[in-house]
Student: 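Supplied in structure tokens, the structure appears directly below.
Everything numeric here is computed off the predicted structure, so don't read it as measured data. Counting convention: from 1, in listed order, for ligands and their atoms alike.
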Amino acid sequence: MARQMDLAVIGSGVVARSVATAMAGDGWSVAVIDRKPPAGTCVLRGCDPKKVLRDAAAVVDRAARMQGKGLAGTPVVHWPDLMAFKRGFTDNVPAQQEGMYRDAGIEVMHGTARFTGPNELDVDGETVTARHVVLGVGARPRPMDVPGAECLIDHEAFMELPALPGRIVFVGGGYIAAEFASLAARAGAEVTVLQRGDRLLAPFDPDMVAHVSGALPPGLTVATGAEVTSIERQGGVFVVRHRIDGRQAEVEADCVVHAAGRVPDLDALDLAAGAVDTEGGRLVLDDRLRSVSNETVLAGGDAAQVGPPLTPVASHDADVIVANLRGEARCPDYGAVPSVAFTIPPIASVGLHEADAGDDVEVRGADATDWFSARHVAAPVLAYKTLSDAATGRILGAHLVGPHADEMINLFAVAIRAGMTVSELRDVMFAYPTSGSDIPSML
Ligand SMILES: Cc1cc2nc3c(=O)[nH]c(=O)nc-3n(C[C@H](O)[C@H](O)[C@H](O)COP(=O)(O)OP(=O)(O)OC[C@H]3O[C@@H](n4cnc5c(N)ncnc54)[C@H](O)[C@@H]3O)c2cc1C
Ligand SMILES: NC(=O)c1ccc[n+]([C@@H]2O[C@H](COP(=O)([O-])OP(=O)(O)OC[C@H]3O[C@@H](n4cnc5c(N)ncnc54)[C@H](O)[C@@H]3O)[C@@H](O)[C@H]2O)c1
């Protein structure tokens, strides 16, 4: 006997939770289906646990910088204790989420969902029919076609390691490599990042990235233009071979981590059976996040990757999906999505990039490492770049690196969303001495 629902949501992350609770609140019958314990990537396997590890490593970094400046004795990361502390933020969450769903009258199904018809799903042998299906299935590590790829562990396994390996290689040079390498090096590992591209952190301003690359801690080596060609297990050690500057090189490691990008996790869904079109491994969606071939199916977040695969985007997509399920006609707006890579120091970005700016855009930027905000914490880097419309003064973009860049970027996001001009933002009184009080000098 099939379960008949108004809405089946596949996934239980940011997209799924928001859509499911909103529609259940409207009186719809809703099922949330996940093959993993509910709560999704950000809370259980991504942003939150990563930030716990990273912020502990940042304490070590800050203390090390202050040696001889009033602090003596550097703290060390005790990995097993840090893991236990991290688990305090994750272990209870699935049960809490199940309780929350139950209280909201939402059915939680554990299993892998796949389409068996345009409005019908199979969930490990159980049939669910639904007027609408929302795909909040997220992303998975991009399959790597190199010999020995099975030796790679992913970020999830990395965050479960009982002990920090002595030597770690990260394959890739984006968010995951930069953040995890940064924290692992501060935690005491010898870390190598093998990045195929010509710099770390391609989505960020190249000048800000250069500051991050120039402030790498001891124990962290970044090789750019390095394409991994094979990984070989030799006893308990891995040999990671790569091509760099036209020659072959190799590096040994105790652990090799996949950080080479994530793709929408669509394979298990049998989308053809659901009449849901894909192209090149991506869903084909209209401007309201509906499948072009089956309008009763909508998708958002990392599964859709219409906007950048970030939590605030997943949350925004969920709002758009809810509006469209309610019969409104809403399109997503990805203008001014703030983004932070929680490297040590953090790097942040919002809005227009210099590379995309025309002649009518004013760009101001500087190395501000000699400002008080950096000097009083012995920070090795503080730099900024701001962009504004030359004619109207409207703020269009901001790119930051250094202490509190991760928080400051939100102030710029507010200014851009609110359509503020340079003179309006300069007029704001910021509490002093805070990093926010540097903002008028950045404009
Ligand atoms: C290591 C890491 C760190 C990150 N840090 C940040 C950060 O600091 N800031 C930020 O903004 N973003 C960060 N992100 C990105 C952010 O986590 C994602 O953009 C966000 O979680 C996407 O949410 P979602 O709802 O689209 O999917 P997810 O939260 O990934 O949910 C998808 C769920 O669908 C389930 N699923 C998939 N297929 C099926 C199926 N066929 N049947 C049943 N269930 C299925 C999966 O088990 C999963 O639980 C990070 C990502 C990673 C990997
Ligand atoms: N702080 C955050 O917001 C945060 C943190 C972690 C992850 N994320 C999200 O998760 C997504 C996935 O992260 P990611 O770091 O895996 O991907 P990414 O897309 O950020 O970076 C992948 C990098 O791997 C490199 N690469 C690909 N194949 C390679 C190979 N064979 N050899 C060497 N390098 C190779 C690419 O050049 C690219 O720079 C990101 O796009 C991001 O949106 C966000």
Student: Using side chain to side chain donor-acceptor pair (under 3.5 Å) as the criterion, list what pairs up with Asp26, not counting sequence neighbours.
Tutor: Arg326
Student: Taking distance alone, with no angle check, do Val15 and ligand 1 share an N/O pair under 3.5 Å?
Tutor: yes
Student: Taking only heavy atoms of Gly173, which atoms of ligand 2 are found under 4.0 Å from at least one of them?
Tutor: 23 (C), 24 (O), 25 (C), 39 (O)
Student: Relative to each other, are the rings of Phe170 and Phe180 parallel, tilted or perpendicular (30° and 60° limits)?
Tutor: tilted
Student: Name the option, out of Gly261, Gly174, Ala348, Pro338, that contains the heavy atom nearest to atom 17 (O) of ligand 2.
Tutor: Gly261
Student: Of all the atoms in ligand 1, which lie at a distance below 4.0 Å from a heavy atom belonging to Gly40?
Tutor: 29 (O), 49 (O)
Student: Just which atoms of ligand 1 are under 4.0 Å from any heavy atom in Pro312?
Tutor: 11 (O)
Student: Is Arg35 paired with Asp265 through a side-chain N to carboxylate O contact shorter than 4.0 Å?
Tutor: yes
Student: Number the atoms of ligand 1 from 1 as they appear, then name those within less than 4.0 Å of a heavy atom of Gly11, with their elements.
Tutor: 33 (C), 34 (O), 35 (C)
Student: Ala259 near ligand 2, heavy-atom distance under 4.0 Å?
Tutor: yes
Student: Taking 4.0 angstrom as the limit, do Glu227 and Arg243 come out as a salt bridge?
Tutor: no
Student: Provide the number and element of each atom of ligand 2 under 4.0 Å from a heavy atom of Lys50.
Tutor: 1 (N), 5 (C)
Student: Classify the contact between Ile10 and ligand 1 as side chain, backbone, both or neither, using a heavy-atom distance cut-off of under 4.0 Å.
Tutor: side chain
Student: Could an N or O of ligand 1 be found under 3.5 Å from any N or O of Arg262, whether backbone or side chain?
Tutor: no
Student: Tell me the protein heavy atom at minimum distance from atom 14 (N) of ligand 1, and give that distance in Å.
Tutor: Cys47 SG, 3.9 Å
Student: Could you check if a side-chain atom of Ser18 sits within less than 4.5 angstrom of a side-chain atom of Val322, using non-hydrogen atoms only?
Tutor: no
Student: Looking only at protein heavy atoms, which one is nearest to atom 38 (N) of ligand 1, and what is the separation?
Tutor: Arg35 NH2, 3.3 Å
Student: Could you check atom 10 (C) of ligand 1 against the protein and tell me its nearest heavy-atom contact, residue, atom and distance included?
Tutor: Thr311 N, 3.6 Å
Student: Please verify whether a non-hydrogen atom of Tyr175 lies at under 4.0 Å from ligand 1.
Tutor: no
Student: Purely on distance, is any nitrogen or oxygen of Ala113 under 3.5 Å from one on ligand 1?
Tutor: yes
Student: Salt bridge check: are Lys86 and Asp48 linked by an N-O gap of less than 4.0 Å?
Tutor: no
Student: Nearest heavy atom to atom 25 (C) of ligand 2: which of Arg199, Gln195, Glu227 does it belong to?
Tutor: Gln195
Student: With heavy-atom distances below 4.0 Å as the criterion, list the atoms of ligand 2 near Leu310.
Tutor: 3 (O), 43 (O), 44 (C)
Student: Can you confirm, on distance only, whether ligand 1 has an N/O atom lying under 3.5 Å from any N/O atom belonging to Glu179?
Tutor: no
Student: Tell me the nearest of Arg262, His242, Arg243 to atom 10 (O) of ligand 2, using heavy-atom distances.
Tutor: Arg262
Student: Tell me: protein heavy atom nearest atom 28 (P) of ligand 1, and distance?
Tutor: Thr41 OG1, 3.4 Å
Student: Got the closest protein heavy atom to atom 37 (C) of ligand 1, with its distance?
Tutor: Val137 O, 3.2 Å
Student: Numbering the atoms of ligand 2 from 1, which are under 4.0 Å from a heavy atom of Glu179?
Tutor: 1 (N), 2 (C), 5 (C), 6 (C)
Student: Would you check if the side chain of Asn324 reaches a backbone N or O of Val320 as a donor-acceptor pair within less than 3.5 Å?
Tutor: yes
Student: Do the side chains of Arg114 and Glu120 get close enough for a salt bridge, i.e. N-O under 4.0 angstrom?
Tutor: no
Student: Tell me whether ligand 1 is touched by Gly111 - counting only heavy atoms on the residue side and a distance under 4.0 Å.
Tutor: yes
Student: Quick check on side-chain hydrogen bond (donor to acceptor under 3.5 Å, both in side chains): which of Lys50, Arg262, Arg45 does His155 satisfy it with?
Tutor: Arg262
Student: Can you confirm, on distance only, whether ligand 1 has an N/O atom lying under 3.5 Å from any N/O atom belonging to Val14?
Tutor: yes
Student: Less than 4.0 Å is my threshold; does some heavy atom of Met159 fall inside it relative to ligand 1?
Tutor: no
Student: Which of the numbered atoms in ligand 2 are below 4.0 angstrom from a heavy atom of Val228?
Tutor: 32 (N)
Student: Could you check if a side-chain atom of Leu7 sits within less than 4.5 angstrom of a side-chain atom of Met5, using non-hydrogen atoms only?
Tutor: no
Student: Report the nearest protein non-hydrogen atom to atom 46 (C) of ligand 1: residue, atom name, distance rounded to 0.1 Å.
Tutor: Asp34 OD1, 3.4 Å
Student: Which ligand 1 atoms, with their elements, are less than 4.0 angstrom from a heavy-atom of Gly301?
Tutor: 26 (O)
Student: Is Arg54 salt-bridged to Glu179, going by a charged N under 4.0 Å from an acidic O?
Tutor: no
Student: Just jot down the salt bridge (Lys or Arg N to Asp or Glu O under 4.0 Å) partners of Arg288, sequence neighbours excluded, or say none.
Tutor: none
Student: How far is atom 52 (C) of ligand 1 from the closest protein heavy atom, and which atom is that?
Tutor: Gly46 CA, 4.1 Å
Student: May I ask you to list the atoms of ligand 2 that are less than 4.0 angstrom from any heavy atom of Leu194?
Tutor: 33 (C), 34 (N)
Student: Counting from 1, what ligand 1 atoms have a heavy atom of Pro309 closer than 4.0 Å?
Tutor: 15 (C), 19 (O)
Student: Is any side-chain N of the basic residue among Arg417 and Asp333 closer than 4.0 Å to the acidic one's carboxylate O?
Tutor: yes
Student: Counting non-hydrogen protein atoms only, what is the nearest one to atom 31 (O) of ligand 1? Give residue, atom name and distance.
Tutor: Gly136 O, 3.6 Å
Student: Just which atoms of ligand 2 are under 4.0 Å from any heavy atom in Met144?
Tutor: 31 (N)
Student: Taking only heavy atoms of Ile33 into account, list the atoms of ligand 1 that are under 4.0 Å away from them.
Tutor: 43 (C), 44 (N)
Student: Just which atoms of ligand 2 are under 4.0 Å from any heavy atom in Pro309?
Tutor: 9 (C), 41 (O), 42 (C), 43 (O)
Student: With the side chain counted from C-beta on, respond yes when Val128 and Met109 share a heavy-atom pair under 4.5 Å apart, and no when they do not.
Tutor: yes
Student: Please list, in number order, the atoms of ligand 1 under 4.0 Å from a heavy atom of Gly13.
Tutor: 25 (O), 29 (O), 31 (O)
Student: Given Ala39, Ala314, Ala299, Ala318, identify the one with the heavy atom nearest to atom 23 (O) of ligand 1.
Tutor: Ala314
Student: Report yes if His155 has an N/O atom closer than 3.5 Å to an N/O atom of ligand 1; otherwise report no.
Tutor: no
Student: Should you measure from each heavy atom of Leu269, which atoms of ligand 1 turn up under 4.0 Å away?
Tutor: 41 (N)
Student: Taking atom types as modelled, is there a side-chain donor on Thr224 or Asp198 under 3.5 Å from an acceptor on the other?
Tutor: no
Student: Answer yes or no for Ala178: is there a heavy-atom contact with ligand 2 below 4.0 Å?
Tutor: no
Student: Walk me through it: do Asn119 and Thr129 pass the test side chain to side chain donor-acceptor pair (under 3.5 Å)?
Tutor: CA-CA 6 Å; Asn119 293 85; Thr129 61; over 6 Å; no
Student: To which of Ile176, Thr41, Val171 does the heavy atom nearest atom 13 (O) of ligand 2 belong?
Tutor: Ile176
Student: Decide if the gap between the ring center of Tyr384 and the ring center of Phe412 is smaller than 6.0 angstrom.
Tutor: no
Student: Using distance alone, with no hydrogens and no angle criterion, decide if His132 and Thr296 have a side-chain donor and acceptor under 3.5 Å apart.
Tutor: no
Student: Between Arg167 and Glu190, does any side-chain N to carboxylate O distance fall below 4.0 Å?
Tutor: no
